[in-house]
Amino acid sequence: MRLYNTLTGEEKEFAPADGKTVKMYVCGVTPYSSTHVGHALSYVVFDTLRRYLEYQGYQVRHIQNFTDVDDKIIQRAQEAGISEDELTERYIDDYFRTMDALNIQRAEAYPRATQEIGPILDTIGNLVDKGYAYPAGGDVYFRVNRKEDYGKLSHRSLEGMIAGARVQVDEDKEHPMDFVLWKGAKPGEPSWDSPWGPGRPGWHIECTAMSLRYLDYPLDIHGGGQDLIFPHHENEIAQSEAHTGIQPFAHHWVHNGLLQLGEDKMSKSLGNLVSVEEALATYSADALRTYFLSSHYRSPLQYSDEGSAAMERSMDRFRHALRPATEDEAAIEATNQGQEPLDSDPYLERFMGAMDDDLNTPQAIAALFDLARDINRERGAGRSVKAAQSRLREMGGILGLTFEEPAARNDELAAKPFIDLLVSTRTELRQARQFELADRIRDQLASQGVMLEDSAQGTTWRYQRSA
RNA sequence: GGCGACGUAGCCAAGUGGACUAAGGCGGAGGUCUGCAAAACCUCUAUUCGGCGGUUCGAAUCCGCCCGUCGCCUCCA
């Protein structure tokens, strides 16, 4: 497949260096607040990339970090009156719970910065020894001037960055863009001993140490949100290449566009967050995944409630297409030996072609909808759609879709016997041709969000989820 | 101020020089089915791609200018 590489700004044919195993490092979260839909978008994208690579026969070694020590974590923990560990544990649990709910496959390992202090100190020590870093005022800084190609990922120059003005002046730094590898501890902060005094790792160094330890360089894919390109990934490249001398640090840099909420990007500092938990309370994982994948991964996507609701409605087409054959349909199919079964190969080809084109999921999804329509049409015409149905499941599976009806909530489960009773009463009324009463029951159930569907096989009902 | 992206139907969103008489989804209109609905299916819903010029046999796609929106440059997926 062709895959865009942020470093070169071009699409490039992707294949793992060893031809078999893809080493994929994806930047994880800093766990100090609830997992939001922007995170969900990003991890759905990388999960889909991984699933597609696996579908093509590669083995994917996926490593993802937790940066579980930083200023915000310390601040939040103090505000809440709990330890940093308690706080991060809580949000790491939240992360796994919501990602599982979104059907995101787990990485091979989730190393945490606080549990990798040894390798981090080794990395910093080596950078100091090589002259790429220097201690100053209890901190240790990376010397950006020593790395000739600093700025190559974000495509900017040191001059340009300084011209940008908003660079903090720091007495201890040799150059304003030097960034911290090790932060000297202030009173009350969590700290670890180091050759430069007690302190904690800076933001970027953990990824350098952990990607080296768990995957070894060069990585095949390094990923994250576009907001990580600078400074995080820029600094990671600088550190990692300086540390090992191995270039490139990563063959392919993959960055997803950011989710927009209304006019603005959704971000922690703006406080305009929608948690995944909230979204999943109303919409199915399938609907949310399809929504996230309905625009190209490098483009920004407008998130809205209406958008989620629209996707939820569209999921019905898939679910309907995948319903097992009724007895009548099975009987017709059995007697209709002469008819060719529905051929789904062209849809798979379209799907693969789209995915090969820099993960063009919008077009892949279009192929899915077209196949679903074809199935719905042809099953009515008595053709066998069984193979096409399993093909649709297979293609959906690459996008992480399950096509399951949304699971009933507890209150809904409790209401089920009563709804069943009303429905069977209505069936009797219909048989007695008391349509007025029957329709009133249907309308009133509908106003409670219970949608009835009559067919030759009887009446089915389901909850209306898309508000 | 520097770097970058984008502007396609009522909404979301693909397509980035010729098969585009521009995917797909939502919404809307009509129809088939139905006791009536719902669901599903069928038909229709952008002679046109922010505006103005230019390059070309040919542009939504390339170039220039203008208008508008957004992102990064600071914690962020």
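- Distance from the side chain of A:Gln260 is smallest for B:G71 among the nucleotides B:G71, B:A39, B:C36.
- In this structure, NE2 of A:His39 is placed 15 Å from P of B:C75, rounded to the nearest angstrom.
- Of the candidates B:G35, B:A14, B:A40, B:A40 carries the atom nearest the A:His320 side chain, counting heavy atoms from C-beta on.
- Counting to the nearest Å, the C1' atom of B:C41 and the CG atom of A:Leu342 are 14 Å from each other.
- Here B:A77 presents its C1' atom at 14 Å from CE of A:Met24, a figure rounded to the nearest Å.
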Base-pair string, RNA chain B, Watson-Crick plus G-U, cut-off 3.5 Å on both distances, | for inter-strand, is ((((((((.[[[..)..(.....]]]((((((.......))))))....[[[[[..)....]]]]])))))))....
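- When heavy atoms are screened at a 4.0 angstrom cut-off, A:Phe46 is found touching no nucleic acid atom at all.
- In this structure, A:Leu293 atom CG and B:A14 atom P are separated by 12 Å, rounded to whole Å.
- Spacing between B:A9 and B:A46 at atom C1', rounded to whole Å, works out to 5 Å.
- At a cut-off of 3.5 angstrom, counting only N and O atoms as typed in the model, there is a donor on one side and an acceptor on the other between the side-chain of A:Asp439 and the base of B:G35.
- Comparing the same atom, C1', in B:G17 and in B:C57 gives a spacing of 12 Å after rounding to whole Å.
- Atoms CG (A:Leu153) and P (B:C72) sit 16 Å apart, rounded to a whole Å.
- A close approach under 4.0 Å does occur between a side-chain nitrogen or oxygen of A:Arg373 and OP1 or OP2 of B:G25.
- Side-chain proximity of A:Val29 to B:A77, B:C42, B:C26: nearest is B:A77.
- Applying the 3.5 Å distance criterion, the base of B:C36 shares a donor-acceptor pair with the side chain of A:Asp454.
- Across the P atoms, B:C63 and B:A22 are found 25 Å apart, a figure rounded to whole Å.
- Here B:A38 presents its C1' atom at 15 Å from CZ of A:Arg313, a figure rounded to the nearest Å.
- For A:Leu258, whose side chain is taken as the heavy atoms from C-beta onward, the closest listed nucleotide among B:G35, B:A77, B:A39 is B:A77.
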Passes ring-ring contact (aromatic ring centres under 6.0 Å, His included), A:Phe66 versus A:Phe96? Steps please. CA-CA 12 Å; A:Phe66 283 113; A:Phe96 282 130; 5.6 Å; yes
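- Separating the NE2 atom of A:His296 from the P atom of B:G24 is a distance of 20 Å, rounded to the nearest angstrom.
- For A:Arg317 against B:G25, a side-chain-to-base donor-acceptor contact under 3.5 Å is absent.
- In this model, the phosphate group of B:A40 is not approached by any side-chain N or O of A:Arg377 to a distance below 4.0 Å at OP1 or OP2.
- In this structure, the CZ atom of A:Arg379 is 12 Å from the P atom of B:A40, given to the nearest Å.
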